[in-house]
Amino acid sequence: MNDDQERNTINCFRNRLRRLINVGPVLDMLQFLSDDQKELIRAKTRTEGDISAADLLLHEVITKEHSEGWFRELITALETAGCRHAANYMENNPPSPSKEFENDNCIKLIDLLKLSLVDMKTRDVCNSCYQRSLLTDEDRENIFAVNDQQGNKAGARLLLSRLVKKELGWYSEFLEALKETGHGMLARELQGEPLKGESDEPQALQDETKAVAPGGTEDFSARSHSPPRAFDLHSSQTSPSSAPSLEVQSLDSSMDTSDFLSSTDVSAGDLAKGKKASARPSEIVLHDYQMEVALPALEGKNIIICLPTGSGKTRVAVYITKQHLESRRRMGQPGKVVVLVNKVPLVEQHYKAEFGKFLKHQYSVERVSGDSQLKISFPQVIEKNDIIICTAQILENSLAKAKNGDEDGIKLSQFTLMVIDECHHTQKGGVYNHIMIRYLKQKHRNIGLLKEQKTPVPLPQILGLTASPGVGGAKNQQKAEEHILRICANLDAYTIKTKSLREELMAPYKCIASDPFGDVIKGIMDEIHSHAELSPLCQPGTQNYEQWVVQKEQNAAKEDNPRVRVCAEHLRQYNEALHQSNTIRMSDAFSFLNKYYNEELKKKSSPDEDDVIQITDTERFLFRLFKGVKHLQELTKNPQYENNTLATLKTKILQEFTSRTIARGIIFTKTRHSAIALSQWIRENPKFESVGVRASHLIGGGDQSVVKPMTSAEQKDVLNKFHEGEINVLIATTVAEEGLDIAQCNFVIRYCLVTNEIAMIQARGRGRAEDSSYTVVEEAGSGVAERESVNEYRETMMSKAIARVCTLCQEEYEKKTKEYQMQAIMEERVKVKKKQQKVMKKEDPSKVKFSCRSCNKPVCSGEDIEIIENMHHVNVTTAFRELFTVRENTSLQERFLDYEANGVIACKQCGQQWGSMMLYKSIECPCLHIKHFVVTYGSKKKDFRKWNELAIRFPSFSYLQHAEHIANNSDEEMGDME
């Protein structure tokens, strides 16, 4: 990193660094600071303490000029003084968010239990910590001195203040030190274990962070410190009171943003300016910058086009496709183009808005996805059409079939051009990468064939499209360049062509949220904690709490502890409601809880009147507890208690609509539930209506969430209304960040949401109109602004990396990409070999037993399980059918070519959901979801979230055998009736 990057990184993490630096010993080792500067800092230590002194030290480091080598000297001083954790941040190598949250909560625990901890035997614990390399020589000497002069408690306080600044892992070592010195009770209290009776073997705190929140999103609400002000990478100044926005400049001063979105619509005014009118829809007019990036592809080279969202990447791809097919036709050679996308809605979008619109009158264009209703096979589609738009997985499946000798497979050699949309996903594990590994293997086989003077296998030209390749988590410029080169290598790209936006970064909004509604929720959660004898290690409403309670539920299920298991399930719902109350209306959070309890009550009523579903004492306690809190609903009716985050969002939306002639924008939020709730909040608020706000939500189509997904038709309807202006505010989850064709917007708001630099660039790119603004609204203490600043830094690093890659000489570029290609091929071989070995090691199904997760009732053996289409695990035995009931689930209504699922199966005894009822080729097949069961593997009980985690070789479902069995039974029943 250069000086500016180093200062930017320090500034980005400044608020955290000031709490991690042990100023005294660090200051003694710094030579680049003057004696006067050091004395000022030492005076600050004496008068205001270490944190203020550290803040002044960081100010002097960031704002003043220093001699060469100052940064390395500072890092060395930190490491020598035992501040390795601070050094990691300065070197732009922070821990992952989950580990950072975990560490913050460990520090909170130390603070909460300080009154007990200061009674420890300070000298003994200090020596033990020193032996474990938690303390430096100077640390130990200072602690001993304070202990001797001011007493044991003062020494203990200094010891604790030193420990919390140490590198990750200090907490578990400190617990061991406490146990070693006879403080087992304190260690158990810090671990949240009960203080009476025998305890289990203590678990490392890290084990309680393995569970992932629903939807895979990370919650930054657990941050204990306010993030630092976003540093400005472009030296722009902004007033603290100014509205945060991002002025998105046009890509080219002569570019008309409406023109490139519909290049065939030419007005009379355009004609007067000398623009050429389109005689028919097939004529595609590119801007100069678009033609510039397309040139290498028009020469037949493999390239990556990196252009910002809304700059017409797909239009360039359409132009290249047209020129490619025309060129092949002129040479009397066949041409065939496949356009790959990573989301089902993009198939229809690319067909209607781009490839079909401009090329179908001249070429046969077809689209194929999981939603397609085509009655012919994929190879037939390939054979009959010139341009095929499909999801990458469909192509990969067909390529795999061809490799296995299946007649229904296809080969890459059948295509002459392959367009890969959102090509930054061509990385390890991704379906794009699987396809390109096949390409690279054949390319290197072709080299051998040429040496043997044999005809090589033809391969398609590659065209990759992306708005942002990202930096792949790189911490420095060199790693960022390596990431860009790897993507180029994976796509066998001759070069990467780009055009950058000129942007002016603005500081994001910050707000402080009050939460009176949360006090009631926390009170209920405390009662549940007491009932289940649970001691949480972190604050409710945080991601860490979510992970802790998920771990408790999983352990309780394996230990057959229904009281803790059901309490943990309910605590998880209250935790979600607590988080919601900080970002959406209290009434929405209450509705979420109310709906959950109504659903739970429904589970306890059987469709069959003869069956009685058990309700345990714990479940009765939980139902009574929720019903008994009357004032919870009353709080939701009082607007003065609404959170400040929502008020900030309201002010921003009203500001956009009152300061613009025409306003149109997108609000990105984290969860489906919050998108729906915010949309409803806007529609129900008369102030929004009075300024012309018309809102709707846009969420994903997967069924992983408890919220009913949107169908493709519903998504299209909302997007069409947004295009036409019937809707002017779209509240969307991250489904709208990438790929989908969203109409021009002049404001984008990320509401309590931050992911990575790729998502930030894509979300910001949705603001395509002139004078567009980009705003981040964060929940207090969530760390959203801090992470957004890191993303901005990474974006600059990415731009520099692309520029550096583009300036490499072709010989060096090809050498590096070839190395990465060979590495990718070898990694794939190792991966395949490991997978084959894993399959060979799979155990016999008789070794596993399944029991209900809720009531622990034995359900079936692994011998009863069969697999449909290598993914659906079914049990069609007569004995199993006696154990469950079937009830309707309106949120689960899937339709596929050979099967459908529209109901759930649940335990007759306790109502626990077990899976879904599939109708497979007219045979009813109960499909089991492994997450709803406890699996006894040998003598051990285990918890699995996915079937592929269970190393068992289940047999394939025999359709013919079961169909004959059903037919024979039907004949016998008819005979009995006669």
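As a basis for the values below, the full set of heavy atoms in this structure was taken, side chains included, without hydrogen atoms, waters or symmetry mates. Because the structure is a prediction, the values reported are computed rather than measured.
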**Study point:** Glu366 side, atom CD; Phe378 side, atom CZ - distance, nearest 0.5 Å
**Key:** 10.5 Å

**Study point:** Test item: His350 side-chain N/O and Arg367 main-chain N/O as donor-acceptor pair under 3.5 Å
**Key:** no

Review point. If we only count heavy atoms from C-beta on, is the Val339 to Cys390 side-chain gap below 4.5 Å?
Key: no

Study note, to complete from the structure: Nearest heavy-atom contact between Pro379 and Gly409 is CG-O, 4.2 Å

Review point. Can you tell if the side chain of Glu422 reaches within under 4.5 Å of the side chain of His424, non-hydrogen atoms only?
Key: yes

**Study point:** Side-chain donor/acceptor of Gln414 to backbone N/O of Lys411, under 3.5 Å
**Key:** yes

Review point. Would you say the side-chain atoms of Lys908 pair up with the backbone N or O of Glu882, donor to acceptor, closer than 3.5 Å?
Key: yes

Point to revise | Derivation and outcome, side chain to side chain contact (heavy atoms under 4.5 Å, CB included), residues Ile435 and Met418 | key: CA-CA 11 Å; Ile435 294 169; Met418 185 157 64; 3.9 Å; yes

Check your understanding: Is the closest side-chain heavy-atom distance between Arg438 and Lys441 below 4.5 Å?
Key -> no

Exercise for review: Using the side chain to side chain contact (heavy atoms under 4.5 Å, CB included) rule, take Asn446 and Val457 through it: C-alpha gap first, then chi angles, then the decisive distance, then the call.
Suggested key: CA-CA 6 Å; Asn446 284 349; Val457 176; 3.8 Å; yes

Check your understanding: Could you state the interatomic distance from CZ (Phe880) to CD1 (Ile905), rounded to the nearest 0.5 Å?
Key -> 4.5 Å

Point to revise | Pairwise distance CG(Leu412) to CG(Leu399) - rounded to 0.5 angstrom | key: 5.0 Å

Revision key, fill the gap. Rounding to 0.5 Å, atoms CD (Gln913) and CZ (Arg887) come to a distance of 6.5 Å

Review point. How close do Lys552 and Val564 get, heavy atom to heavy atom, and via which atoms?
Key: O-CG1, 4.3 Å

Point to revise | Sole candidate of Glu949, Lys931, Lys558 that passes side-chain contact (heavy atoms from CB on, under 4.5 Å) when paired with Asp943 | key: Lys558

Point to revise | Pairwise side-chain contact, Leu440 with Glu828, heavy-atom cut-off 4.5 Å (strictly under) | key: no

**Study point:** Qualifying residue, where the test is ring pair (Phe, Tyr, Trp, His ring centres under 6.0 Å) with His873 and the options are Phe957, Phe954, Phe850, Trp914
**Key:** Phe954

Point to revise | Distance in Å, Phe933 CZ paired with Ser851 OG, rounded so as to fall on 0.5 Å steps | key: 9.0 Å

Check your understanding: Rounded to the nearest 0.5 Å, what separation is found between the CZ atom of Phe884 and the CD atom of Gln909?
Key -> 15.5 Å

Point to revise | Worked check of side chain to side chain contact (heavy atoms under 4.5 Å, CB included) between Leu534 and Trp548 | key: CA-CA 11 Å; Leu534 292 171; Trp548 172 81; 4.0 Å; yes

Check your understanding: Going through the distances and angles, do Gln547 and Gln551 end up as a side-chain hydrogen bond (donor to acceptor under 3.5 Å, both in side chains)?
Key -> CA-CA 6 Å; Gln547 293 168 344; Gln551 189 68 42; over 6 Å; no

**Study point:** CA sep, side-chain torsions, deciding dist, call: His962, Glu866, side-chain hydrogen bond (donor to acceptor under 3.5 Å, both in side chains)
**Key:** CA-CA 12 Å; His962 289 290; Glu866 296 173 289; 3.0 Å; yes

**Study point:** Closest non-hydrogen atom pair, Ile868 against Met918
**Key:** CD1-CE, 4.2 Å

Point to revise | Beyond-backbone contact of Met822 with His444, side-chain heavy atoms, under 4.5 angstrom | key: yes

Check your understanding: Under 3.5 Å, is there a donor-acceptor pair between the side chain of Gln715 and the main chain of Ile699?
Key -> yes

Point to revise | Note, Leu491 side chain near Ile420 side chain (heavy atom, < 4.5 Å) | key: yes

Exercise for review: Using the side chain to side chain contact (heavy atoms under 4.5 Å, CB included) rule, take Leu395 and Ile410 through it: C-alpha gap first, then chi angles, then the decisive distance, then the call.
Suggested key: CA-CA 8 Å; Leu395 177 62; Ile410 59 169; 3.4 Å; yes

**Study point:** Greater than 12 external heavy atoms within 6.0 Å of Gln823's CD
**Key:** yes

Point to revise | Side-chain ion pair, Arg853 and Glu553, N-O less than 4.0 Å | key: yes

**Study point:** Side chain to side chain, Trp947 and Met871, heavy atoms closer than 4.5 Å
**Key:** no

Check your understanding: Which atom pair, heavy atoms only, marks the closest approach of Ile865 to Pro955?
Key -> O-CD, 3.5 Å

Review point. So, Asn385 side chain and Ile388 main chain: donor-acceptor pair closer than 3.5 Å or not?
Key: no

Practice item. Just say parallel, tilted or perpendicular for the rings of Tyr432 and His425, cut-offs at 30° and 60°. Key: tilted

Exercise for review: Write down the atom of Ile952, the atom of Pro845, and the distance for their closest heavy-atom approach.
Suggested key: CG2-CA, 3.6 Å

**Study point:** Contact check, side chains of Cys907 and Ser854, non-hydrogen atoms, under 4.5 Å
**Key:** no

Review point. Charged N to carboxylate O below 4.0 Å: is that the case for Glu569 and Arg565?
Key: yes

Exercise for review: Heavy atoms only: give me the nearest Leu928-Cys860 pair and the separation to one decimal.
Suggested key: CD2-SG, 4.3 Å

Point to revise | Any donor-acceptor N/O pair, Tyr439 side chain to Ile462 backbone, under 3.5 Å | key: no

Practice item. Say whether, by atom type as modelled, one donor and one acceptor occur between the side chain of Asn397 and the main chain of Gln393 under 3.5 angstrom. Key: yes

Point to revise | Any donor-acceptor N/O pair, Lys849 side chain to Pro858 backbone, under 3.5 Å | key: no

